[in-house]
Amino acid sequence: RALPVRVITVGKKRLEGVRLLVDEYKTKLKPYCSFEDSLVRSNPRNAQDVRAQVEDEEVAVMKLIGPDDWVVVLDERGRDVDSEQMAELLGDAGNSGASRISFCIGGAYGHGSEVRKRANVTIRLSSMVLNHQIALVVLMEQLYR
């Protein structure tokens, strides 16, 4: 069964081109699954300390993850997956009894430890570090593919 999909991205206001691409992919995904796109403001308290920034972002992300969500954390240290493996991953999530699949894209300093612990799987889109907006576009393409 096709699970509803939520993408949680930590970052600042999106560039217009990114918004247009995300909207295009939302339209393309509509026949296959319900889709929700959540943007968590990076560094909400303007903390100077990186740890405080990551912790604040983590609190906001964890509030969006439901207890029955199947969580995929995107991280450059995660497991490499090709397009076929991504499709298998989505299928596995659908067979897990989860109510939704949530993809988490971290901010400039990555994910906090609680988000990492909550993950059912951690994958990478590239061995290179990607800006959260680029990671979102790449993820949207793979979800549609």
Side-chain angles (χ1 to χ4, degrees), residues 2-47 50-94 96 98-145:
L3 287 178
V5 174
R6 173 186 275 165
V7 176
I8 303 167
T9 307
V10 176
K12 299 196 184 319
K13 185 178 174 186
R14 292 192 183 138
L15 298 171
E16 179 63 23
V18 172
R19 279 199 306 271
L20 289 170
L21 283 168
V22 169
D23 288 346
E24 177 72 22
Y25 280 110
K26 283 181 187 178
T27 301
K28 288 179 176 183
L29 286 168
K30 194 172 255 179
Y32 305 106
C33 66
S34 67
F35 181 85
E36 186 179 343
D37 176 30
S38 299
L39 179 62
V40 170
R41 185 171 172 258
S42 61
N43 197 9
R45 290 187 300 138
N46 293 319
V50 170
R51 264 183 294 158
Q53 178 177 333
V54 171
E55 287 171 7
D56 289 345
E57 294 166 355
E58 178 176 62
V59 168
V61 169
M62 291 299 288
K63 284 181 182 177
L64 293 172
I65 297 173
D68 296 330
D69 285 13
W70 203 79
V71 179
V72 180
V73 166
L74 278 66
D75 184 280
E76 71 269 12
R77 294 171 299 240
R79 187 177 86 197
D80 254 333
V81 293
D82 60 25
S83 295
E84 286 181 8
Q85 291 167 322
M86 177 65 109
E88 289 173 15
L89 184 141
L90 293 169
D92 290 347
S96 71
S99 61
R100 173 178 54 206
I101 183 167
S102 288
F103 289 89
C104 300
I105 300 172
Y109 300 105
H111 298 283
S113 61
E114 292 304 309
V115 172
R116 289 178 189 281
K117 283 184 213 165
R118 178 62 180 82
N120 293 90
V121 64
T122 301
I123 64 170
R124 67 180 178 186
L125 299 174
S126 171
S127 56
M128 295 180 281
V129 175
L130 300 176
N131 169 286
H132 65 278
Q133 295 189 57
I134 300 301
L136 175 61
V137 171
V138 172
L139 175 63
M140 296 293 290
E141 163 61 24
Q142 289 307 301
L143 291 173
Y144 176 66
R145 184 146 310 273

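Since the structure is predicted, the reported quantities are computational estimates derived from the model, not experimental observations.
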- Message: To the nearest 0.5 Å, what is the distance between CZ on Phe103 and CG on Leu74?
- Response: 7.0 Å

Below 3.5 Å, can you tabulate the donor-acceptor pairs from side chains in residues 121-132 to any protein atom, sequence neighbours excluded?
unit_1	atom_1	unit_2	atom_2	d
Arg124	NE	Asp80	OD1	3.0
Arg124	NH1	Glu76	O	3.2
Arg124	NH2	Asp80	OD2	2.9
Ser126	OG	Met128	N	3.0
Asn131	OD1	Gln133	N	2.6

- Query: So, the side chain of His111 versus the backbone of Gly106: is there a donor-acceptor pair under 3.5 Å, distance only?
  - Reply: yes

- Do Asp37 and Arg6 meet the salt-bridge criterion of a basic N to acidic O distance under 4.0 Å? no

- Item | Heavy-atom neighbours of Glu84 CD exceed 12 at 6.0 Å | no

- Heavy-atom donor-acceptor pair, Arg14 side chain to Arg19 backbone, under 3.5 Å: no

- Message: Measuring from atom CD1 of Ile101 to atom CG of Leu89, what distance do you get when rounded to the nearest 0.5 angstrom?
- Response: 5.5 Å

- Item | Distance-minimising heavy-atom pair for Ile65 and Cys104 | CD1-SG, 3.9 Å

- Message: Can you see whether Ser83 engages Gln142 through a side-chain donor-acceptor pair at a distance of less than 3.5 angstrom?
- Response: yes

- Message: If you compare all heavy atoms of Lys12 against all heavy atoms of Ser42, which two are closest, and at what distance to 0.1 Å?
- Response: NZ-OG, 3.2 Å

- Test item: Asp68 side-chain N/O and Ser99 main-chain N/O as donor-acceptor pair under 3.5 Å: no

- Is a donor on one side and an acceptor on the other found under 3.5 Å between the side chain of Glu58 and the backbone of Val115? yes

- Exercise: identify the closest heavy-atom pair between Ala98 and Ala93: CB-O, 4.2 Å

Under 3.5 Å, sequence neighbours excluded: what are the donor-acceptor pairs made by side chains of residues 23-32?
unit_1	atom_1	unit_2	atom_2	d
Tyr25	OH	Glu141	OE1	2.5
Thr27	OG1	Asp23	O	3.1

- Is Arg79 atom CZ crowded by more than 12 heavy atoms from other residues, nucleotides or ligands, each under 6.0 Å away? no

- Query: Ignoring hydrogens and geometry, is there a side-chain-to-backbone donor-acceptor pair from Asp69 to Gly66 under 3.5 Å?
  - Reply: yes

- Message: With side-chain contact (heavy atoms from CB on, under 4.5 Å) as the criterion, how do Val73 and Arg118 come out once you've worked through the C-alpha distance, each side chain's angles and the decisive distance to 0.1 Å?
- Response: CA-CA 9 Å; Val73 166; Arg118 178 62 180 82; over 6 Å; no

